[in-house]
Structure formats: C-alpha cells, structure tokens
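Remarks on the structure that follows.
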Amino acid sequence: MEKNMNENFKNMERRVFDSLYNTDLEKINYELKQIEEPILFSGVGGSSVVANYASKIINEKNKIISTCVEPRDLSYMNINGYKNVCAVSYSGNNYGVDLSFNNNLKHYLLASKVNEREDIINLTYNVQDKEKSYISLAASLIPCSIMLNYYLDNNKERIIDLLEEYHFNFDTKCDAYEIFTGYETSTASKYLESTMIESGIGIPIIHDKYSFCHGRSTFSTVYNNIAIYFNLNTEYDKFIIEELRKYYKDVIVIDSYNNLLSEFLLLHQCMYLTKYIAEQQSKDLSGVDYNPIVKKIYKYNGEI
C-alpha cells in the first residue's frame, strides 16, 4: 500500500462532507427506521469500529436490542431472539459478510455504493474519492457519520461544523498503551486497539474503568506504560486520573461526554492521536509494512 497517511488525513474531513452530500440519506434513514426488532451488527477491522457505533445508534434511536459481534461469532452463538443482522464492510464483499448472512435473519449491508448485493437491504453510501489506506480512516468515519446523521434527524451540517484537526504533544516511547474506557467510549477504544495492532505502532491494553480497581493496576508497576484516559469528569474520573499520574510515564487525558455525538468526535480525535504516534515512529498508517502472512490469510474463506 502506498505510504500516503498525510494525504489521507488532509482529505479525511472533505471525504466525509462529500459522502454526506452525495448519498441518498433519506433512503438510508427510511430503511433504518423500519428496524423494530432485535438486531446484530458485525464487522472486522475498521468495520468492527463502525459496527460497534452503528449498534449503539440503533439501540438509542430505535429503542430496540442491538448487539455488536464478530462475524465468526454468528456461527457459534445462539441467535434466537434476534430478527435482523447488519453486516458492515467498506467493500461489501468479504468473507465476513458471507458469514454474517449464513442464517435466516433479515439481512442488511452497510457498505459503499459500488458493491450492492441482491436479496438484501442495501444501506449504501457514495464515496467519490476512494481512500487508499491500510488503516481505515475516512472509510470508518464516513459510515459512522451516516449513522450519526440518522440519529440527529438528518442534521448533517452539525456534524460537518464540529469536525476539526487535533494536535498532540507527548513522548511516545513506552512499553504499552493502557486505554481506560467503558461502554460510552467503546467505539474509540476499539479503533485504538485495532489500529495500534494492525499498524504495529504500539501495544494496546484495554481497561474497563471500574475493572481497573480490581487487580489490573499491577501491570503499570512492571512496565513503562502510557495511560490514555477517556475523561467524563465524573467523581471516579477525577480520583483515578490523580492516582494514575503516580504510576505511569504519562497520562493522556481526552475529554468526552456520555452521548453518541461526543463518541463520534472522540473517534475522530483518536484518529489524529494514532497519526501523531505513527509520525513519532516514522511510520505510516496508510502504508503499513505488514506481515507477509497477510497475503495468505486475508482472503481465507474456508471452514471457520
């Protein structure tokens, strides 16, 4: 993959704007509104980030049970009680989509317009300037913005007005990044975990904030780690941030709020955080020097 991270970040917000203005949002909103029974969302890599966020949007907007799972899970979990499944995939044609649709549920596909499928409900968005990147940037942000637009009752201007560039400044040399999160910030933490692992820019460790109180604090006394803390400014947040500063090389505090618009903006901000970490290591998120095994396993489509 061509190394063009800076170019992709330069065009990221514009690509979101273009998609919002060139997609049939009314059609997508209409189809989403029809979902009235429990639904599963699935996706892999960058699409798992979108699936996680989309699941929350439907849970809040449609007031129904909505669960995010990995495509493979659908082959092993009991899906009785669910009536719908939505596969999320930028291309719309990977094996994970096939796994998601190997059942008798009602099938939805959230994907770019060029890969519509037959016999399912296509929730397709237009991408006029296709992103070429190993790590999904605009490719993740665009479908999340489509879902947020549905949640905000077609108020795409509000989304566009809030998108901005973020800057960071800290010493990134550490053994690992410990990410403090919870349900309300899980989309951003999934992005950080996926991106750090796929690009090799760091070792991510995900902590549920409260679970950290019950034994998970030992790790920071053994290794030289940086904490990334999603701060809602609760009593607990204030207490734990003060304590973390005593045991970590650095604590990167990122403010957030408990709502779906804030979670979208937090995802956007974390994309710039990974850009900064990659730049400090002279690495490129768009042109990753990936393991040769990728060529063998990426298109696996056998028994799983």
(message) For a side-chain hydrogen bond (donor to acceptor under 3.5 Å, both in side chains) check, start with the C-alpha distance between N126 and S19, then their side-chain angles and the critical distance, and finish with the verdict.
(response) CA-CA 5 Å; N126 275 320; S19 183; over 6 Å; no

(message) Please check if the number of heavy atoms outside K83 that lie under 6.0 Å from its NZ is greater than 12.
(response) no

(request) Output the distance between atom CG (L163) and atom CG (L20), rounded to the nearest 0.5 Å. (result) 8.5 Å

(request) State whether the side chain of N103 and the backbone N or O of S100 hold a donor-acceptor pair below 3.5 Å, judged by distance alone. (result) yes

(message) Going by ring pair (Phe, Tyr, Trp, His ring centres under 6.0 Å), name the pairs with one or both residues in residues 7-62, residues two or more places apart or in two chains.
(response) F9-Y272

(message) Within a 6.0 Å radius of atom CG on N104, are there more than 12 heavy atoms belonging to other residues, nucleotides or ligands?
(response) no

(request) Check whether any side-chain N or O of Y300 sits under 3.5 Å from a backbone N or O of E303 as a donor-acceptor pair, and report yes or no. (result) yes

(request) Output yes when K249 and D175 qualify as a salt bridge under the 4.0 Å nitrogen-oxygen rule, no when they do not. (result) no

(message) For the aromatic rings, using the six-membered ring if either is Trp, is the centroid distance between F180 and F230 under 6.0 Å?
(response) no

(message) Can you tell me how far apart CD (E193) and CD1 (I206) are? Round to the nearest 0.5 Å.
(response) 4.5 Å

(message) Any side-chain to backbone donor/acceptor pair from R15 onto E131? Under 3.5 Å, distance only.
(response) no

(request) Determine, using the 4.5 Å side-chain heavy-atom cutoff (strictly less than), whether I228 and Y276 are members of one ILVMFWY cluster. (result) yes

(message) Between R14 and D129, does any NZ, NE, NH1 or NH2 come within less than 4.0 Å of an OD or OE carboxylate oxygen?
(response) yes

(request) Verify whether one side chain among S47 and S89 offers a donor that lies under 3.5 Å from an acceptor in the other. (result) no

(message) Any donor-acceptor pair under 3.5 Å linking the side-chain atoms of E7 with those of N11?
(response) yes

(message) Under 3.5 Å, is there a donor on one side chain and an acceptor on the other for N122 and T124?
(response) no

(request) Count the heavy atoms of every other residue, nucleotide or ligand shown that sit under 6.0 Å from CG of L152, and state whether that count exceeds 12. (result) yes

When the side chains of residues 231-241 are checked against the rest of the protein, which donor-acceptor pairs come out under 3.5 Å, sequence neighbours left out?
from, atom 1, to, atom 2, distance (Å)
N231, OD1, N233, N, 2.8
N231, ND2, D255, OD1, 2.9
T234, OG1, Y236, N, 3.4
T234, OG1, D237, N, 3.0
T234, OG1, D237, OD2, 3.1
Y236, OH, K209, O, 2.4
D237, OD1, K209, NZ, 3.1
D237, OD1, Y229, OH, 2.5
D237, OD2, L232, N, 2.9
D237, OD2, N233, N, 3.1
D237, OD2, T234, N, 3.3

(message) I want to know whether Y166 and H268 have ring centres closer than 6.0 Å.
(response) yes

(request) Report, as yes or no, whether the 6.0 Å neighbourhood of atom OH on Y95 holds more than 12 heavy atoms from other residues, nucleotides or ligands. (result) yes

(request) Give a yes or no on this: more than 12 heavy atoms of other residues, nucleotides or ligands lie within 6.0 Å of atom NZ of K173. (result) no

(message) Can a donor-acceptor pair be found, under 3.5 Å and without considering hydrogens, that links the side chain of D208 to the backbone of S211?
(response) yes

(message) Keeping S136 on the side-chain end and S140 on the backbone end, is there a donor-acceptor pair under 3.5 Å?
(response) no

(request) Return the orientation label for the Y90 and Y125 ring planes: parallel under 30°, perpendicular over 60°, tilted otherwise. (result) tilted

(message) Other residues, nucleotides and ligands only: do more than 12 of their heavy atoms fall within 6.0 Å of CD1 on I297?
(response) yes

(request) Using only heavy-atom distances, determine whether the side chains of N225 and E178 contain a donor-acceptor pair under 3.5 Å. (result) yes

(message) Is it the case that the side chain of S262 and the backbone of Y257 share a donor-acceptor pair, with hydrogens and angles ignored and the cut-off at 3.5 Å?
(response) yes

(message) Any side-chain to backbone donor/acceptor pair from N8 onto K132? Under 3.5 Å, distance only.
(response) yes

(request) Give a yes or no on whether K246 atom NZ has more than 12 heavy-atom contacts from other residues, nucleotides or ligands under 6.0 Å away. (result) yes

(request) Mind jotting down which residue pairs meet the side-chain hydrogen bond (donor to acceptor under 3.5 Å, both in side chains) criterion with at least one end in residues 141-155? Sequence neighbours excluded, please. (result) E26-N154, N29-N154, K61-D153, N62-Y150, N149-N154

Atom pairs and distances, side-chain donor-acceptor, residues 195-205, under 3.5 Å, sequence neighbours left out:
from, atom 1, to, atom 2, distance (Å)
T195, OG1, Y191, O, 2.9
E198, OE2, S194, OG, 3.0
S199, OG, T195, O, 2.6

(message) Main chain of V127, side chain of K130: is a donor-acceptor contact present, judged purely on distance under 3.5 Å?
(response) no

(message) For residues L99 and L74: do they belong to one hydrophobic cluster (side chain heavy atoms under 4.5 Å, members Ile, Leu, Val, Met, Phe, Trp, Tyr)?
(response) no

(request) Could you state whether I252 and L192 fall into the same hydrophobic cluster, counting links through intermediate Ile, Leu, Val, Met, Phe, Trp or Tyr residues with side-chain heavy atoms under 4.5 angstrom apart? (result) yes

(message) Between S133 and I135 (side chain of the first, backbone of the second, donor and acceptor by atom type, cut-off under 3.5 Å), is there such a pair?
(response) yes

(request) Please check if V288 and V44 belong to a single hydrophobic cluster, counting links between Ile, Leu, Val, Met, Phe, Trp and Tyr side chain heavy atoms closer than 4.5 Å. (result) no

(request) Go through the structure and list residues passing side-chain hydrogen bond (donor to acceptor under 3.5 Å, both in side chains) with D250, not counting sequence neighbours. (result) none

(request) May I ask you to list the residues sharing a hydrophobic cluster with Y183, side-chain cutoff 4.5 Å, ordered by chain and number? (result) none

(request) Please answer whether the main-chain N or O of I65 pairs with a side-chain N or O of Y82 as donor and acceptor at a distance below 3.5 Å. (result) no

(message) Pairing donors with acceptors under 3.5 angstrom, does anything connect the side chains of S66 and S55?
(response) yes

(message) Under a 3.5 Å cutoff, is there a donor and acceptor pairing between the side chains of N52 and S186?
(response) yes

(request) Could you go through the side-chain contact (heavy atoms from CB on, under 4.5 Å) check for N259 and E263 one step at a time? (result) CA-CA 6 Å; N259 62 67; E263 188 165 8; over 6 Å; no

(message) If hydrophobic clusters are built from ILVMFWY residues whose side chains come within less than 4.5 Å, do I28 and I121 share one?
(response) yes

